[in-house]
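Every chain is numbered from 1, with letters handed out A, B, ... down the list of sequences.
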Protein chains: 2
Amino acid sequence: MSTLNDGKKKVTIYSVAHEAGVSLATVSRVINDSSLVKEETRKRVEEAIVKLGYRPNAIAQGLALKKTTTIALVIPDSSFLYMGKIINGLLDVAKIYKYNIALHTTSSSINEMSEIIDNIVKSRADGVIVYNDCLTEQEVAVLNSFSTPMVYIGHKIKADEACNVFVDYKKALYELTDKYIQEGYKDIVLIEDKKNPMMMDELLQGIKKGFKKHNKEFAGLIEIPDNYHNSYDYLNEYFKDNKHQLVITVRDSQAMAVLNACTENGISIPEETDLVCVMDSRYTDMVRPRISSFFIPSYDLGALAMRVMTKMLNDDEVKEKEYQLSYIYKNKASTKV
Amino acid sequence: MSTLNDGKKKVTIYSVAHEAGVSLATVSRVINDSSLVKEETRKRVEEAIVKLGYRPNAIAQGLALKKTTTIALVIPDSSFLYMGKIINGLLDVAKIYKYNIALHTTSSSINEMSEIIDNIVKSRADGVIVYNDCLTEQEVAVLNSFSTPMVYIGHKIKADEACNVFVDYKKALYELTDKYIQEGYKDIVLIEDKKNPMMMDELLQGIKKGFKKHNKEFAGLIEIPDNYHNSYDYLNEYFKDNKHQLVITVRDSQAMAVLNACTENGISIPEETDLVCVMDSRYTDMVRPRISSFFIPSYDLGALAMRVMTKMLNDDEVKEKEYQLSYIYKNKASTKV
DNA sequence: ACTTACTTTGAAAACTTTTTCAATTAATTA
DNA sequence: TAATTAATTGAAAAAGTTTTCAAAGTAAGT
């Protein structure tokens with residue numbers, strides 16, 4: 001473990017230059033691996049650096065270079081479980097390319113986004129990665145209007161120039177619906193998820209398309225309260241009088257609420273009702289019966305987003321703007337089909 | 001939504017000064033709400049600011065002020081679920097005090113911590129908050145040796161001067177063990193969690209203390225593989241030949257692995273075996289039977305850590321170094337006692 | 001009208017780097 | 001040996017703020 005500057009005396013590039021008997025310019029060159037410094041001098045400077053425990057001041061570098069090697073990550077403050085894997089992907093790639101991550105979270109409050117943008121602009125992040133499920137079109141427009149490189153994770157963005165990394169949920173639900181209708185299922189419902197409005201929209205489109213293909217109309221959207229406990233209570237009442245052939249939920253907690261509510265009302269899954277959770281999580285495999293779900297490559301979403309960002313920052317002309325990752329449907333014990 | 005500098009022309013404090021017909025000093029004073037600027041001048045400057053869409057450059061400010069209003073957060077890269085709530089607490093408080101958060105994650109690889117420290121020193125974070133379950137004593141020593149304010153979350157730190165916010169897991173497990181032994185339980189086991197070595201240590205101490213009180217020796221530590229699937233497979237074999245009166249696990253996934261393995265081997269919970277998960281999560285309530293657990297105030301751990309940090313940064317002499325938060329035992333359906 | 005005190009402003013230094021450009025030294029060639 | 005070229009180095013400017021100190025302006029008191 002190397003010597004640390006413990007604050008007793010600030011050590012700057014000047015101190016190092018003085019210690020090594022060279023000018024700042026030379027020290028700077030050594031720090032930045034410039035080839036044009038004599039081997040012997042380099043050695044002297046490097047010795048001075050370790051002797052003094054010098055660490056370049058990234059802030060001063062940022063000022064001089066007009067870049068911060070920091071990228072801002074904007075995510076909804078809820079649900080770190082799903083986000084967690086995305087963040088892990090992001091961070092692993094960021095580490096490779098030596099970028100720092102500044103974390104910004106949005107709650108649903110209206111004016112917050114503009115505050116966050118303000119903050120990001122002030123802090124001069126080199127780029128911004130946004131998980132965009134909760135952004136209004138207006139907010140996306142604002143974000144796009146400013147010149148910092150930007151990558152959106154999660155959903156296809158309408159704006160043409162926007163760069164985004166996403167999964168085609170519409171297609172996923174279309175395929176699922178199609179399959180089930182072909183199997184003769186008629187009574188298919190989708191549980192609404194208010195936390196993910198944009199994804200919800202895509203899912204709905206997919207289902208509707210599936211129904212349309214078979215000349216049917218989808219009318220099975222079920223609105224339920226927001227959090228697990230309320231939704232569980234609600235569903236517990238609901239399944240006293242209702243029963244469906246296939247129930248689709250977005251998040252694992254909703255699927256578990258359905259599972260519990262059904263079971264406790266004597267509706268057995270999968271015998272009487274098939275249950276599919278769109279977004280996979282480790283917990284869909286831990287519960288019994290295991291819940292059929294789509295594997296969403298969250299880690300890859302994060303990693304790719306960051307990779308694309310690094311390309312943008314290196315002016316490696318980013319040809320593609322849209323990176324679509326594929327899901328995998330995992331048929332487990334909560335479905336018969 | 002305010003005007004944004006869209007990068008066509010950089011607008012600095014100079015531009016504003018020029019536009020308003022004053023000197024930089026005056027603009028700076030306006031930005032920083034200094035009282036010594038005439039009302040009329042202030043108005044002129046403010047108009048210039050919105051006209052040009054000026055945003056102070058936080059990097060330049062950082063250099064001039066020798067502070068960054070950024071605090072570094074160091075957490076293990078695994079398990080954002082538990083961390084998520086801590087981070088939410090942190091971020092909410094950080095937002096109030098206008099601090100930015102730089103996210104650093106540690107994987108278990110050996111040399112990484114020193115790299116991260118390097119990085120934090122370079123980036124001149126005003127303070128560091130560390131979730132310290134995976135740090136070696138050596139690493140803690142290194143961290144303490146440097147002068148940046150530091151707050152540890154999670155566990156009591158040996159070093160005296162260290163500031164930490166934690167939950168007394170030892171006491172929690174002592175109480176639990178004591179209660180169960182009083183109820184006549186003899187065969188108590190603890191499932192090891194390699195991901196949280198320090199917590200593990202505390203838990204063990206607590207259990208041992210409980211056994212000691214009753215003049216018994218604890219010898220029920222069960223080592224299992226690391227991730228859910230492996231540990232589930234392992235336990236599935238294990239519970240073919242073994243059965244215990246009380247099984248204690250650290251994380252929800254382990255509890256679920258035990259629950260599933262037991263159930264599938266015909267051991268019913270709680271009738272034959274009591275199951276307790278130390279760290280509560282929403283999922284312990286979603287599974288059936290609901291798993292008894294300790295409610296850990298994760299959000300508060302994060303929020304308090306950040307609050308303490310802001311105090312340290314304001315030189316409000318922080319009297320207390322140790323902030324102990326209390327857990328709540330939640331008796332649910334996986335236990336008879 | 002003339003100090004005295006207070007309010008408001010600006011010039012310039014400081015914060016720590018990178019980088020350009022010119023200068024110096026060393027090496028090569030005629 | 002002188003002239004040319006190449007390799008190293010350093011001085012100084014630039015990045016965009018804050019802040020100190022002095023100056024200028026204004027009001028008040030004698």
Side-chain angles (χ1 to χ4, degrees), chain A residues 5 7 9-46 48-49 52-70 98 100 119 121-126, chain B residues 5 7 9-46 48-49 52-70 98 100 119 121-126:
Chain A
N5 165 26
K9 205 175 193 178
K10 92 194 140 180
V11 22
T12 71
I13 198 168
Y14 291 99
S15 341
V16 177
H18 183 256
E19 175 75 25
V22 296
S23 74
L24 341 176
T26 305
V27 179
S28 176
R29 281 190 271 259
V30 171
I31 294 166
N32 297 296
D33 284 331
S34 164
S35 57
L36 30 71
V37 41
K38 210 204 280 180
E39 199 46 39
E40 183 216 314
T41 323
R42 171 189 305 283
K43 196 145 282 173
R44 224 168 53 238
V45 171
E46 275 165 355
I49 287 176
L52 301 179
Y54 170 70
R55 294 280 193 305
N57 181 331
I59 301 301
Q61 289 180 320
L63 187 58
L65 293 173
K66 294 151 166 271
K67 66 178 184 176
T68 53
T69 51
T70 293
K98 312 255 183 201
N100 292 315
N119 204 342
V121 173
K122 268 199 66 171
S123 64
R124 301 300 197 263
D126 292 341
Chain B
N5 166 26
K9 205 178 194 178
K10 93 194 138 177
V11 21
T12 71
I13 200 169
Y14 291 98
S15 339
V16 177
H18 183 255
E19 175 75 24
V22 297
S23 75
L24 341 176
T26 305
V27 178
S28 175
R29 282 191 268 260
V30 170
I31 294 167
N32 297 298
D33 284 332
S34 163
S35 56
L36 29 74
V37 43
K38 211 204 277 180
E39 197 46 39
E40 184 215 315
T41 323
R42 172 190 304 284
K43 197 145 279 173
R44 226 171 46 241
V45 171
E46 275 165 354
I49 288 175
L52 301 180
Y54 169 70
R55 295 279 192 307
N57 182 332
I59 300 301
Q61 290 179 319
L63 189 58
L65 294 174
K66 296 152 166 269
K67 65 177 186 176
T68 53
T69 52
T70 293
K98 312 256 184 202
N100 291 315
N119 205 342
V121 174
K122 268 198 64 170
S123 64
R124 300 299 197 264
D126 292 341

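- One N or O on the side chain of Ser123(B) and one on the backbone of Asn119(B) form a donor-acceptor pair closer than 3.5 Å.
- Rounding to whole angstrom units, CD of residue Glu39(A) and P of dT9(D) are separated by 11 Å.
- When the nucleotides dT17(C), dA15(D), dT9(D) are ranked by their closest atom to the side chain of Thr41(A), dT9(D) comes out on top.
- Rounding to whole angstrom units, CZ of residue Arg124(A) and P of dG16(D) are separated by 8 Å.
- Rounding to the nearest 0.5 Å places NZ of Lys122(B) at 9.0 Å from CG of Asn100(A).
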At a cut-off of 3.5 Å, list every protein nitrogen or oxygen paired with a nitrogen or oxygen from nucleotides 22-25 of chain D, distance to 0.1 Å.
none

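- Between Lys67(B) atom NZ and Ile59(A) atom CD1 the span is 13.0 Å, to the nearest 0.5 Å.
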Check your understanding: How does protein reach along nucleotides 18-28 of chain C, written 5' to 3' as B (base within reach of a heavy atom under 4.0 Å), S (only sugar-phosphate), or - (no contact)?
Key -> BBB--------
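- Distance, Asn57(A) CG to dA15(D) P: 18 Å, rounded to whole Å.
- For the pair Lys10(A) NZ and dT17(C) P, the computed distance is 10 Å after rounding to whole Å.
- To the nearest 0.5 Å, the span separating CD1 on Ile13(A) from NE2 on His18(A) amounts to 15.0 Å.
- Residue Ser23(B) places its side chain closer to dG10(C) than to any other of dT17(D), dG10(C), dT16(C).
- Put simply, the side chain of Arg42(B) does not reach to within 4.5 Å of the side chain of Val45(B), judged on heavy atoms.
- Using a 4.5 Å cut-off on side-chain heavy atoms (C-beta onward), Asn57(B) and Thr12(B) make no contact.
- Checked against salt bridge (charged side-chain N to carboxylate O under 4.0 Å, His left out), Arg29(A) has no partners two or more places apart in sequence or in another chain.
- Distance check, rounded to the nearest 0.5 Å: CD of Gln61(A) to CD1 of Ile31(A) gives 6.5 Å.
- Every side chain to side chain donor-acceptor pair (under 3.5 Å) that Thr68(B) has, sequence neighbours left out, goes to Asp126(B).
- For the helix from dA1(C)-dT30(D) to dA30(C)-dT1(D), the angle separating the two terminal helix axes comes to 50°, with each axis derived from five pairs and the value rounded to 10°.
- Across every non-hydrogen atom of Val16(B) and Val27(B), the tightest pair is CG1-CG1, 3.8 Å.
- Straight-line distance from the OH atom of Tyr14(A) to the P atom of dT16(C): 8 Å, rounded to whole Å.
- One finds no side-chain N or O of Lys67(B) lying less than 4.0 angstrom from the OP1 or OP2 phosphate oxygen of dC15(C).
- Across the protein-nucleic acid pair, Arg44(A) atom CZ and dT8(D) atom C1' stand 12 Å apart, rounded to whole Å.
- One interatomic measurement links the two molecules: CG of Leu63(B) to C1' of dA14(D), which rounds to 12 Å at whole-angstrom precision.
- Among residues two or more places apart in sequence or in another chain, the side chain to side chain donor-acceptor pair (under 3.5 Å) test is passed with Glu39(B) by none.
- Residue Lys66(B) has no polar side-chain atom (N or O) positioned under 4.0 Å from OP1 or OP2 of dT18(D).
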